[in-house]
Amino acid sequence: MITRLLVANRGEIARRVFATCRALGVETVAVHSDADAGAPFVAEADQAVRLPGNAPAETYLRIDLILDAARRSGADAVHPGYGFLAENAEFAAAVTDAGLTWVGPPAKAIAAMGDKMAAKALLADAGVPMLPTWTETGQVTDFPVLVKAAAGGGGRGMRVVRDATGLAEAVAGARREAAAAFGDGTVFIERYVERGRHVEVQIFGDTHGTVVALGVRDCSIQRRHQKIVEEAPGVLPPEVRERLHEAAVAAGRAVDYVGAGTVEFLLAPDGQVRFLEMNTRLQVEHPVTELTTGLDLVRLQLLVAEGEPLPLTAAPPPDGHAVEVRLCAEDPAQGYRPATGTLHRFAIPGVVAEFALAKGLRLDSGVVDGSTVGVHYDSMLAKLIAWAPTRAEAVRALAGALARAELHGVTTNRDLLVRVLRSPEFGAVDLDTGFLERHPEVFAPLLPGDQLPLVALAAALASAVRRRAGATVLAGLPSGWRNVPAFPQVARFSGAGGGEIEVRYRLDRTGALADWSVSAAGGGTGSGGEAVTLVEAAADRVVLDVDGVRRAYRVHRAGSEVFVDGPDGAASLTELPRFPLPTAELAAGSLLAPLPGAVTRLHVEVGQRVSAGDLLLTLEAMKLEHPVLAPADGVVAELPVPAGGQVDTGAVLAVVNPEEDPR
């Protein structure tokens, strides 16, 4: 039996495996890079071993370091999690050769499915339906196509190409991104099906020849080919579900599969099913299967790794419905680029369990209050999963919990997720992988623009109470009171888009709100025309009566940042100093780095004339490539960072003069 398990991974999946180990009485070992030394998963392990190296993301790919950590800690088994080395046949073989128990499929099965072109041929012979696939650009005869990484998933290395002109560049970009994410730049090209649904079957095999399908998940809601919403059971006709189960089990048996695996399919609008790939590991979205089957999949992994037979020969009937969202550190104002920073508060109401089987709301998170979100890893912070007897109830509960969550310090995709869940089309199961492209309205922030004045007023009132609590002069006077009404209290903030917001208000002798107004630089915010009465003001809570309706705002301050969560949505404001210090001005046309990273390629030269939208350079950060485009027609005046150069947030990447080059 396994007595001490090393998890060769980090973050949320490491914590997830540790949770099951604690329940089973298995000791745990974490491995970590220097960047992760203070992470929650390290603190929760019974032992932790540092992986040395100057490149934090690459340390988790060092087989020699991980095996040495197992030896030093006395671990007798290794769980790979997902990502990094989870689907690396060499790693699986090395663990087994070292005399350790490998919690995963045999190296032979990983290798068979890891070569995705060979896997397609193998499974086609087993009767699994396939999409047309090519390995060279010159072979492609039918568009649109999807360029895919051969060595991994998660949307990295994927590019949709609709005609031959962009194919070569798409393949080159996909190779670079795949190499950065998986250490292997091999890609292939597959026919792209418009309005297809991404569905997948969870399979499980044991060493006694049993392969079981544990139901279908629907993972069609994707952005940049990365899943962001997943659910089980997938809402499908019974005959389609049966075909998917049969094809998935056939795929597993074709490679003598052992352990947890996922067979992914594309469901075309005409009902045809086509194989996409087989992931030889536990999937990110496994909790929705756990909550609807009542099975702890990590426990099953450990039992199978110990040689035990699966305790079931067929999937139990699905119990209720579960929906999962991936909460990611992303900046909507920057096109959902990965975001970094410190999570000052990470609180989601109504959670009944973490990393466990439970009816209701489950949280699987890699972060806690105070966690630092850096640039070394992908942007996923947590998964929030709701179970309910029906799909509609699960969707509503999940959207409500997300909307009320306090997520302070790092911008996230929360608003997008809530709008997707609350959209009529999602409720009607009108789903496909192009959902977001067809519904741009879901990208709107939850907080309506006309509610920003009330949010800013609440922030100003709370900040004033906070200052008054520390006052030593005239401390008995109510905050915001003025003896001369002509001079109101003034507070200034910058909003998410960087624009300045000015709040002016005055309180009477009783502390009541006498008058107020809010204006924004450039207009657009408006002023307080509603009948607003101040009901309550504290440093962390402000209650306003707006036209007879009470509205409560939760306020949290961290340094100069003020986070306000209200009934209509959340806002992050930065209180500006009354007497700001002078700062150096940037040259007109400067393009700044949205986050730390490395310039991988320069596509233009100084002096070159460009048009709006032209690609200037490519920035790599958090294992993704981010194009930097010309904002307007002009001439490239500066390219201060060479290819390969590292930059911090706010660094000047390029300067484009909107006029002719004066030289």
Side-chain angles (χ1 to χ4, degrees), residues 113 119-120 122-133 146 190-205 210-222 227 229-255 257 260-279 283 285-286 288-295 297 310 312-324 387-395 425-435:
M113 293 297 101
K120 284 174 174 285
L122 174 65
L123 298 186
D125 290 341
V128 180
M130 296 289 162
L131 286 166
T133 307
L146 184 64
E190 192 173 71
R191 182 73 171 86
Y192 181 69
V193 177
E194 304 282 2
R195 301 206 65 168
R197 288 172 68 179
H198 188 132
V199 294
E200 60 189 33
V201 179
Q202 175 73 63
I203 65 169
F204 233 102
T210 301
V211 178
V212 179
L214 298 181
V216 180
R217 299 186 287 252
D218 193 317
C219 307
S220 298
I221 305 299
Q222 302 178 5
K227 305 165 188 174
V229 182
E230 299 112 348
E231 60 181 297
V235 181
L236 300 167
E239 63 275 12
V240 173
R241 181 178 294 106
E242 186 62 28
R243 292 207 312 270
L244 289 166
H245 283 184
E246 290 175 356
V249 170
R253 287 177 175 159
V255 292
Y257 199 77
T262 300
V263 188
E264 304 195 357
F265 299 91
L266 191 68
L267 178 60
D270 62 3
Q272 294 297 310
V273 171
R274 294 290 183 268
F275 173 83
L276 289 175
E277 63 185 9
M278 181 174 178
N279 291 304
Q283 290 278 91
E285 55 272 23
H286 75 274
V288 294
T289 297
E290 292 188 321
L291 295 185
T292 52
T293 62
L295 299 170
L297 297 188
L310 282 170
L312 70 166
T313 57
D319 176 21
H321 203 94
V323 185
E324 171 184 299
W387 178 94
T390 67
R391 182 179 188 269
E393 290 175 285
V395 170
E425 293 80 11
F426 186 84
V429 202
D430 182 10
L431 311 175
D432 64 77
T433 56
F435 183 93

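For the single chain, residues carry numbers from 1 onward in sequence order.
- For the pair Val229/Phe426, a side-chain contact is recorded, criterion being any heavy-atom separation below 4.5 Å from C-beta on.
- Applying the side chain to side chain contact (heavy atoms under 4.5 Å, CB included) criterion to Pro238, with sequence neighbours excluded, gives no partner residue.
- Residues Ala124 and Met130 approach most closely at N-CE, 3.7 Å, considering heavy atoms.
- In this structure, OG1 in Thr133 is found 11.0 Å from CZ in Arg274, a value given to the nearest 0.5 Å.
- With rounding to the nearest 0.5 Å, the separation of NZ in Lys120 from CE in Met113 is 11.0 Å.
- Scored by the side chain to side chain contact (heavy atoms under 4.5 Å, CB included) test, Val273 finds Val240, Arg243, Leu244, Phe265, Leu267 as partners (sequence neighbours excluded).
- Between the side chain of Arg391 and the backbone N or O of Val323 there is no donor-acceptor pair closer than 3.5 Å.
- For the side-chain hydrogen bond (donor to acceptor under 3.5 Å, both in side chains) test, residues two or more places apart in sequence or in another chain that qualify with Glu230 are Arg326.
- Every salt bridge (Lys or Arg N to Asp or Glu O under 4.0 Å) that Arg191 has, sequence neighbours left out, goes to Asp142.
- Here Thr390 pairs with Ala392, Glu393 under the side chain to side chain contact (heavy atoms under 4.5 Å, CB included) rule; sequence neighbours left out.
- The closest side-chain heavy-atom distance from Glu190 to Leu276 is below 4.5 Å.
- Minimum interatomic distance between Val288 and Thr292 (heavy atoms only, all atoms of both residues): O-OG1, 2.8 Å.
- With contacts defined as side-chain heavy-atom distances shorter than 4.5 Å, the pair Val193/Gln272 does not qualify.
- The minimum heavy-atom distance between Val128 and Ala250, with the atom names listed, is CG2-CB, 4.4 Å.
- Between Leu123 and Val263 there is no side-chain heavy-atom pair separated by less than 4.5 Å.
- Nearest heavy atoms, Ala322 versus Leu291: CB-CB, 4.1 Å.
- Considering NE2 of His286 and CG of Leu214, their distance stands at 12.5 Å, rounded to 0.5 Å.
- Across all non-hydrogen atoms, the minimal contact from Ala254 to Ala126 is CB-CB, 4.0 Å.
- Residues Leu431 and Ile221 have side chains in contact (heavy-atom distance under 4.5 Å, counting atoms from C-beta outward).
- Here the side chains of Thr293 and Gln202 are not in contact, with every heavy-atom distance at 4.5 Å or above.
- His321 and Glu231 form a side-chain donor-acceptor contact under 3.5 Å, judged by distance and modelled atom types alone.
- The two residues Ala260 and Phe204 come nearest to each other via the heavy atoms CB-CE1, 3.5 Å.
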Please output the side-chain donor-acceptor pairs of residues 194-201 that fall under 3.5 Å, not counting sequence neighbours, one pair per line with the distance.
residue : atom : partner : partner atom : Å
Glu194  : OE2  : Arg162  : NH1          : 2.4
Arg195  : NE   : Asp432  : OD2          : 3.3
Arg197  : NE   : Asp218  : OD2          : 3.0
Arg197  : NH1  : Val235  : O            : 3.4
Arg197  : NH2  : Asp218  : OD2          : 2.6
Arg197  : NH2  : Val235  : O            : 3.0
His198  : ND1  : Gln222  : NE2          : 3.0
His198  : NE2  : Glu264  : OE1          : 2.8
Glu200  : OE1  : Lys227  : NZ           : 2.8
Glu200  : OE2  : Arg217  : NE           : 2.8
Glu200  : OE2  : Arg217  : NH2          : 3.0

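- Rounded to the nearest 0.5 Å, atoms CG (Asp430) and CZ (Phe435) are 7.5 Å apart.
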